[in-house]
Each structure stands twice: as structure tokens, then as C-alpha cells.
Colleague: 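To start, I am sharing the structure in question, which I have written as C-alpha cells.
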Amino acid sequence: QVQLVQSGAEVIKPGASVKVFCKASGYTFTRYTMHWVRQAPGQSLEWMGWINAGDGHTDYSQKFQGRIIITRDTSASTVYMELRRLTSEDTALYFCARSNDDASSWYDYWGQGTLVTVSS
Amino acid sequence: QSVLTQPPSASGTPGQRVTISCSGTRSNIGDNYVYWYQQVPGTAPKLLIYRNNQRPSGVPDRFSGSKSGTSASLAISGLRSEDESDYYCAAWDDFLSDVAFGGGTKLTVL
């Protein structure tokens with residue numbers, strides 16, 4: 001069965017970076033794209049970017065350009081999302097989500113979420 | 001402020017039919033597929049409807065989706081207590097080159 005397992009909760013100081021991983025299993029990793037979506041407390045979902053696990057091509061939301069890097073390790077079937085220069089507004093639950101397409105909002109499987117808290 | 005507009009809340013009694021709307025523009029809903037997600041707060045969203053009106057396997061046929069022009073709707077018939085969740089619509093936005101999500105609708109089963 002398809003599973004996306006994310007890394008554990010993080011507490012990060014303002015100005016620092018966080019790197020969250022998403023380990024996939026139960027399917028051919030390189031045939032899908034992985035997206036990252038976050039949700040601040042009490043807020044809606046917010047798309048951050050995607051990586052094509054096959055060719056490594058990425059695309060990011062304009063909002064996060066210059067602060068986000070998404071990478072993948074095909075040997076480990078794992079996708080990484082690094083977000084830099086964190087502020088309190090980055091406190092949120094971060095999800096990875098699998099998609100058949102690059103530019104898409106069709107997510108059939110989701111990770112369990114990683115809580116990132118930005119606090120001094 | 002979300003790109004897609006949803007009512008913040010909806011409610012119904014068990015057995016009733018409830019509809020949740022999602023309004024957008026040509027660049028998102030008008031020219032792209034709409035997707036619906038169900039989310040219990042604090043947990044991962046679950047895909048309910050894909051490509052406007054298709055149900056993934058395992059999703060009851062009580063859930064249905066539709067789209068007309070720049071608006072879409074999610075209908076839930078035979079409302080059950082376990083349907084109490086947050087519901088989000090989503091669509092790719094060609095103008096923003098971004099995924100547009102609705103603000104979410106909190107469904108209460110009275």
C-alpha cells in the first residue's frame with residue numbers, strides 16, 4: 001500500500017532553516033510528482049511547490065521563491081523540503097502529497113504532516 | 001485571503017443533503033479541473049472528488065461534485081455524523097502558476 005511518512009515535529013529559531021523529509025513506499029517513486037502543502041493554525045491549505053521525482057524538475061510558488069528548495073533521493077525514495085529564513089508566520093503543519101501531474105491539485109496520497117514551530 | 005471562495009460554514013441534520021460551493025475565475029476553475037478534499041483538523045486531507053466529478057475508490061457515492069463555468073459544488077447526500085469535517089476545493093491557476101485552494105468550509109452535522 002502507498003505510504004508517505006514524514007519526519008517528526010521541529011522547533012526552529014527565527015531566521016534559521018528547516019528541512020523536512022517525506023519517505024515514500026508502496027509504489028514506483030520516480031513515476032510521480034511530490035507536492036508540498038502547508039497549513040498554518042486555523043488557516044486554509046497553501047501550496048508551496050513540487051518536484052518531479054523522475055527527472056528532478058521543480059517548481060515553486062512565487063510566495064516561497066528564493067526561500068524553498070525541494071530535492072529528492074531516488075535511491076531512498078525520499079523527498080526533502082527545505083525552507084530558509086523562517087519567521088513566526090512559517091509556523092504550520094507541512095504536508096507532502098503525491099500527484100500524477102506536475103502542475104496539478106490532484107493529490108491522492110498525503111503524508112501525516114510535520115509540525116514546524118518557529119519560536120525563539 | 002484564498003483565491004477560491006467557499007462559505008466558511010455549512011450545516012445539516014442527519015439524512016439531509018448539503019451543498020458546498022466554490023467560486024473562482026476563468027484562470028483556475030474555468031479552465032482547469034476542480035478537486036475536493038475532506039479534512040479532520042490536525043490530520044492530512046483526504047481526496048474526495050477529482051477531475052470535477054469523479055470519486056476515488058472507497059469514497060461513498062453520497063459525495064458528488066459538479067462544475068459550471070467558474071464555480072463548482074460538492075454535494076453530500078444522506079448526511080451522517082462522520083461527515084462533520086472541513087472541506088476544501090482546489091484547482092490549478094494558470095495566471096498565478098500556482099495551486100489555488102478555497103478557504104475551507106466547516107460542516108456541522110446537527
Side-chain angles (χ1 to χ4, degrees), chain A residues 1-7 9 20 22 24 32-51 57-65 68 70 89 91-117, chain B residues 1-9 20 22 24 27-29 31-59 65 67 72 74 85-106:
Chain A
Q1 72 283 20
V2 175
Q3 278 194 304
L4 302 178
V5 178
Q6 299 183 220
S7 46
V20 180
C22 170
Y32 291 83
T33 293
M34 199 72 78
H35 292 237
W36 287 89
V37 175
R38 77 177 187 179
Q39 186 172 38
Q43 302 299 309
S44 180
L45 302 165
E46 182 175 38
W47 179 73
M48 301 180 72
W50 55 257
I51 185 166
H57 183 71
T58 57
D59 188 31
Y60 305 126
S61 168
Q62 287 270 40
K63 177 174 179 177
F64 300 100
Q65 284 279 2
I68 187 173
I70 301 176
E89 294 187 353
T91 292
L93 193 53
Y94 289 75
F95 296 101
C96 61
R98 190 185 83 159
S99 179
N100 280 307
D101 298 314
D102 295 342
S104 174
S105 57
W106 183 358
Y107 309 129
D108 55 357
Y109 288 92
W110 295 66
Q112 83 277 17
T114 297
L115 180 62
V116 174
T117 303
Chain B
Q1 193 163 346
S2 300
V3 175
L4 304 182
T5 301
Q6 296 181 236
S9 63
I20 297 172
C22 176
S27 65
N28 42 63
I29 292 179
D31 285 346
N32 294 288
Y33 289 118
V34 177
Y35 300 81
W36 289 92
Y37 296 90
Q38 177 189 51
Q39 185 189 33
V40 174
T43 69
K46 171 190 171 184
L47 179 65
L48 271 186
I49 297 289
Y50 66 96
R51 289 191 171 179
N52 302 333
N53 54 20
Q54 303 299 302
R55 275 188 314 277
S57 61
V59 173
K67 172 183 144 177
L74 173 71
S85 285
D86 295 331
Y87 293 84
Y88 294 92
C89 58
W92 180 259
D93 190 300
D94 294 327
F95 179 73
L96 298 173
S97 290
D98 212 298
V99 173
F101 282 103
T105 298
K106 182 177 180 59

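Just so we're on the same page: letters track the sequence lines, and every chain starts at 1.
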Colleague: For the interface with chain B, which of A:G42, A:P41, A:S105, A:G49 has the highest count of heavy-atom pairs at distances below 4.5 Å?
Modeller: A:S105
Colleague: Would you say CD of A:Q65 has more than 12 non-hydrogen atoms from neighbouring residues, nucleotides or ligands within 6.0 angstrom?
Modeller: yes
Colleague: For the OH atom on B:Y33, are there more than 12 heavy atoms of other groups (residues, nucleotides or ligands in this structure) within a distance under 6.0 Å?
Modeller: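 No, because the 6.0 Å sphere around OH of B:Y33 holds 12 heavy atoms or fewer from other groups.
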Colleague: Which residue out of B:G103, B:A91, B:P45 racks up the most heavy-atom pairs below 4.5 Å with chain A?
Modeller: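 Top option by heavy-atom pairs under 4.5 Å: B:P45.
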Colleague: Under the side-chain contact (heavy atoms from CB on, under 4.5 Å) criterion, do B:F101 and A:V37 qualify, and how do the steps go?
Modeller: CA-CA 10 Å; B:F101 282 103; A:V37 175; 4.1 Å; yes
Colleague: Quick check: closest heavy atoms across B:Y88 and A:Q43, and the distance to 0.1 Å?
Modeller: OH-O, 3.7 Å
Colleague: So which part of B:T43 gets closer than 4.5 Å to some heavy atom of chain A, the side chain, the backbone, both or neither?
Modeller: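 The answer is the backbone of B:T43.
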Colleague: Name the region of B:P41, side chain, backbone, both or neither, that has any atom closer than 4.5 Å to a heavy atom of chain A.
Modeller: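 The answer is neither part of B:P41.
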Colleague: With B:Y37, which residues qualify under side-chain hydrogen bond (donor to acceptor under 3.5 Å, both in side chains), at least two apart?
Modeller: none
Colleague: Report the distance from atom OG of A:S104 to atom OH of B:Y35, rounding to the nearest 0.5 Å.
Modeller: 4.5 Å
Colleague: With a 4.5 angstrom heavy-atom cut-off, is it the side chain or the backbone of A:F95 that approaches chain B, or both, or neither?
Modeller: side chain
Colleague: Under a 4.5 Å heavy-atom cut-off, does chain B meet the side chain of A:L45, its backbone, both or neither?
Modeller: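 Both parts, backbone and side chain.
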Colleague: With a 4.5 angstrom heavy-atom cut-off, which part of B:Q6 approaches chain A: side chain, backbone, both or neither?
Modeller: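 Contact with chain A: none, neither part.
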Colleague: Look up atom CG in B:N32 and atom CH2 in A:W106, then write down how far apart they are to the nearest 0.5 Å.
Modeller: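 If we round to the nearest 0.5 Å, B:N32:CG and A:W106:CH2 are 13.5 Å apart.
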Colleague: At a heavy-atom separation under 4.5 Å, does A:E46 approach chain B through its side chain, its backbone, both, or neither?
Modeller: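 Contact with chain B is through the backbone of A:E46 alone.
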Colleague: Considering only heavy atoms, give the residues of residues 46-57 of chain B separated from chain A by less than 4.5 Å, sorted numerically, with 'none' for an empty result.
Modeller: B:L47, B:Y50, B:R51
Colleague: Looking only at atom types and distance, does a side-chain atom of A:S61 sit under 3.5 Å from a main-chain N or O of B:D98, one as donor and one as acceptor?
Modeller: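 No, because the side chain of A:S61 does not come within donor-acceptor range (under 3.5 Å) of the backbone of B:D98.
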Colleague: Walk me through whether A:W47 and B:D93 qualify under side-chain contact (heavy atoms from CB on, under 4.5 Å).
Modeller: CA-CA 11 Å; A:W47 179 73; B:D93 190 300; over 6 Å; no
